[in-house]
Amino acid sequence: MAAGGPREHSAEQTECDAEGRFDLRLERGAELALAFLADGMRPPQVLDSAVLGEAHDLAPVALEAGAAISGRALRRYDARVAKARDDSLGRYDEKRDFERTPEPAAKRPKRAKGAPPIFVVHRHEARRLHYDLRLERAGVLLSWAVPKGFSYDPADKHLAVRTEDHPLEYEDFHGVIPKGEYGAGTMQIWDRGHVTYLNGEGGPEAGEVKLVLRGRRLRGEWHLVQTKQGPNTWLIFKSRDRYAGVRRDSVLGADLSQAEEAPLRREIAPMEPGAAAQPFTGTQWLFEARFQGRRVLACKEGDEVVLVGEKRAPPGVLTDLLKIRAERALLDGVLLALDEHERPSRTLLEERLAAGGAGVVFQAFDLVHFEDYDLRPLPTLERKAALRGLLPPLAHVLFTDHVLGRGEDLAEAVRAAGLPGLIAKRAGAPYASGPSADWRSIEIGVEPAVAGVSVRRALKKGVRERSRSRVTFTNPDKVYWPAEGFTKGDLLAYYEQVAEVLLPYLAGRPIHLNRFPDGITGKSFYQKEAKPGTPEWVRTTDIGSKSRGESLRYMVCDERDTLLYLVNLGSIDLHPWMSRVESPDSPDWTVIDLDPKEAPFSDVIRIAREVGRLLRGIGVKPFLKTSGASGLHIFVGLAPGYDYRQSELFAESVARIVARELPEIATVERSLAERGGKVYIDFGQNRKGQTVVPPYVVRPVRGATVSTPLAWDELEGDLHPSHFTLQNVPERLERLGDLFRPVLLEPQDLAPAIFALEEYWKGRR
DNA sequence: GGTATCA
DNA sequence: TGATACCAACGCCTT
DNA sequence: AAGGCG
Ligand SMILES: [Mn+2]
Ligand SMILES: [Mn+2]
């Protein structure tokens with residue numbers, strides 16, 4: 001093309017200009033950053049104080065020295081500790097007066113030769129709560145103090161301070177160490193079991209220990225790594241294996257301490273209801289819906305999965321069973337097939353089993369055995385918690401949820417859903433064989449299900465209804481998402497469900513509405529002002545407007561009813577300010593918004609990783625979520641007192657640095673035409689009166705996607721915003737909790753980060 | 001989506 | 001009473 | 001002053 005030459009040339013020109021501007025703007029950013037440090041922010045001490053903050057209770061010398069002395073003091077202290085440990089247990093004896101402490105003196109008893117080494121974790125309520133991990137090696141217990149405890153999320157790296165070796169007898173010790181003695185406070189055995197060293201027994205000396213732990217809380221592969229800080233400063237984190245994933249400190253997130261160590265026996269007689277009953281309410285009981293299907297025990301042992309006594313095992317169920325978080329497990333449940341109304345059908349089940357098993361799912365409701373433990377002695381509630389933790393999200397193996405106490409409410413919901421009945425289970429009862437009085441079958445009169453209302457939805461809805469809302473819902477059947485068929489009622493039901501976790505991100509903040517009274521394909525409009533006719537219980541606040549001189553009466557969504565009112569107005573997502581009425585000029589978070597427009601989502605992922613890496617590198621903890629539309633949001637919670645200018649400048653510096661590091665795929669260019677298929681790193685939302693959607697709001701786009709907090713290690717190839725919708729986010733929330741909550745609860749100081757960012761920038765240039 | 005106004 | 005009209009944001013930047 | 005952008 002004739003015009004190709006000149007156009008190419010001008011593109012080059014533009015790029016040159018852009019590069020030039022980048023540098024200039026970055027310079028300016030750095031200067032301004034310095035300027036507000038001078039503005040009275042505290043001097044930078046974050047890098048060392050972060051370490052001290054973690055370690056100071058465990059390193060008395062560092063504590064005395066105070067924050068100012070920083071990492072050097074720690075290293076000196078560590079060196080002394082290391083030297084003193086030359087005689088492995090010498091230091092242990094030295095610290096203790098055995099006339100006063102109940103702890104065992106070091107005698108080095110012999111263990112049976114060839115016995116597998118053990119580990120024990122003490123929960124130690126000393127000056128500060130911590131967990132002492134002790135590993136048997138060469139006749140002593142190597143010990144680490146872990147202040148923040150353990151996490152099954154491999155992204156969580158927790159400080160572990162190497163402490164003096166303890167004698168083997170300590171594995172059985174628990175009790176109270178008297179005041180004035182070393183480590184005064186209560187010491188409990190939190191977990192124990194066997195350990196295998198994956199990289200040999202020399203790991204502790206080499207600065208890296210890879211372990212497999214087999215306990216009731218800690219299981220699977222863990223990794224201890226010595227840091228550069230000093231010989232006693234280590235990190236412990238979960239390695240990736242079948243148990244890894246969620247942030248919790250015990251495998252399955254359940255208390256298995258009362259389980260009985262035993263081999264797996266698959267030929268048990270399943271527990272049955274002892275008698276029938278009418279719907280009732282009772283605090284000792286939990287209630288599950290009863291599904292029409294085929295009762296079966298599912299067994300996994302290594303790579304072998306079977307449905308006990310069922311020859312026609314559906315392949316989808318079997319492959320899903322391979323994915324549960326256990327080497328060995330026995331699950332109790334029913335095989336079922338759902339018709340087009342999501343209602344289980346026996347005839348359909350028989351048909352589908354005969355046809356090879358497609359469309360058949362296993363609805364699990366109990367966990368009988370897990371790894372080395374017979375769970376039958378555990379209370380029903382604990383077994384269900386274990387089962388919930390055992391199951392990652394699977395298409396063919398599903399968790400049967402329950403309600404506590406309110407059997408009559410569930411009966412209502414179940415009746416509306418067209419299911420045959422309930423099972424009541426005594427919450428504290430063990431798992432028995434055969435009929436038991438601790439399970440009761442509850443029949444309810446079948447009523448034809450309301451057309452179009454799915455079983456799951458009806459169950460949730462019915463059980464939820466209790467506190468009368470002040471909001472009357474209009475047009476609940478209006479279709480808001482034509483492609484998916486989701487209605488305004490679905491949207492309201494979603495928000496009712498997540499209100500509790502969403503509200504903290506809305507409370508106290510003026511709110512902008514983007515209303516879609518005719519669904520996502522209809523016309524929409526923005527609204528800030530509370531119109532006359534707004535219920536008097538909706539909180540409002542007057543905020544001056546520059547362009548029109550007068551002030552506007554903004555709404556503030558403090559409560560659940562306000563939320564539902566706003567949603568009923570046709571608001572699909574909600575747009576709260578980043579600052580609150582009480583401090584309107586001080587944002588509570590900084591956001592970096594990644595907008596792909598044309599760019600592939602894999603580019604967004606790469607850029608987000610880079611932003612995360614940079615932020616962590618300057619000492620702040622970033623939080624990640626999907627925007628719900630097409631991109632990602634990275635949030636940093638802010639300590640009180642920063643203004644929008646500082647917040648934006650910080651975001652701008654980060655955005656420009658990352659755009660410069662990934663020039664092929666990232667840009668800070670605001671004009672769509674100039675972006676050229678790159679991901680837009682938008683820092684400009686950090687202004688007063690601008691908004692970015694908070695987590696858990698539904699977006700007015702195809703798929704009814706939800707802005708969903710993510711763990712950083714979910715940033716992988718097949719991640720996509722479309723995976724998180726109004727249908728599945730409540731379940732995810734139930735499973736993972738609110739990953740974003742630290743943004744509000746653990747706000748961070750920007751000043752040290754800005755200083756570190758400058759250092760970083762200078763070093764890079 | 002809600003309200004005012006009109007026939 | 002039902003049908004219909006009308007209304008519901010803004011700041012900042014580029015051209 | 002108008003249009004783009006979020
Ligand atoms: Mn301790
Ligand atoms: Mn965005």
*Begin from the C-alpha positions of A:Thr590 and A:Ser647 and carry the test side chain to side chain donor-acceptor pair (under 3.5 Å) through to its verdict.*
CA-CA 6 Å; A:Thr590 291; A:Ser647 165; 2.8 Å; yes
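Nearest nucleotide to the A:Lys488 side chain, out of D:dG6, B:dG1, C:dA8: B:dG1. When each of C:dC10, B:dG1, D:dG6 is scored by its nearest atom to the side-chain atoms of A:Asp593, the top-ranked nucleotide is D:dG6. When each of B:dG1, C:dG11, C:dC10 is scored by its nearest atom to the side-chain atoms of A:Lys528, the top-ranked nucleotide is C:dC10. Ranking C:dA8, B:dG1, C:dC10 by closeness to the A:Pro517 side chain, first place goes to B:dG1. Of all nucleotides listed (B:dG2, D:dG6, C:dA9), B:dG2 comes nearest to the side chain of A:Leu569. Checking D:dG6, B:dG1, C:dA8 against the side-chain heavy atoms of A:Gln527 singles out C:dA8 as nearest. Of the candidates D:dC5, C:dC10, B:dG1, the closest approach to any side-chain atom of A:Leu672 belongs to D:dC5.
A:Arg539 and A:Asp558 are joined by a salt bridge, as a carboxylate oxygen and a charged side-chain nitrogen come within less than 4.0 angstrom of each other.
The backbone N or O of A:Val706 sits less than 3.5 Å from a side-chain atom of A:Thr626, completing a donor-acceptor pair.
At the phosphate of D:dG6, neither OP1 nor OP2 sits under 4.0 Å from any side-chain N or O atom of A:Thr691. At D:dG3, none of the side-chain N or O atoms of A:Arg670 fall inside 4.0 Å of OP1 or OP2 (strictly under the cut-off). OP1 or OP2 of B:dG1 has not a single side-chain nitrogen or oxygen of A:Lys531 nearer than 4.0 Å. Considering only side-chain N and O atoms, A:Asn568 lies nowhere under 4.0 angstrom from the phosphate OP1 or OP2 of B:dG1. Between C:dA8 and A:Lys523, no contact under 4.0 Å exists linking OP1 or OP2 to a side-chain N or O.
Rounding to whole angstrom units, CG of residue A:Leu564 and P of B:dG1 are separated by 15 Å. Between A:Phe683 atom CZ and C:dC12 atom C1' the separation is 12 Å, expressed in whole Å. To the nearest angstrom, C1' of C:dC10 lies 14 Å from NE2 of A:His575. Atom pair A:Arg675:CZ and D:dC5:P shows a separation of 8 Å (rounding to whole Å applied). Taking atom CG on A:Leu552 and atom P on C:dC10, their separation rounds to 5 Å, with Å as the unit.
Among the protein residues, A:Gln690 comes within range of the nucleic acid bases, having at least one heavy atom under 4.0 Å from a base atom. Residue contacts shown for A:Arg687 are limited to sugar-phosphate atoms, with no base heavy atom under 4.0 Å away.
Cation-pi contact between A:Arg613 and A:Trp712: absent, since separation from the ring centre below 6.0 Å together with deviation from the ring axis within 45° is not met. With a 6.0 Å cutoff to the six-membered ring centre and a 45° limit on the axis angle, A:Arg702 does not count as a cation-pi contact of A:Trp481.
Nucleotides C:dA9 and D:dC5, compared at atom C1', are 14 Å apart to the nearest Å. For the C1' atom pair drawn from B:dA4 and C:dA8, the interatomic distance equals 15 Å after rounding to whole Å.
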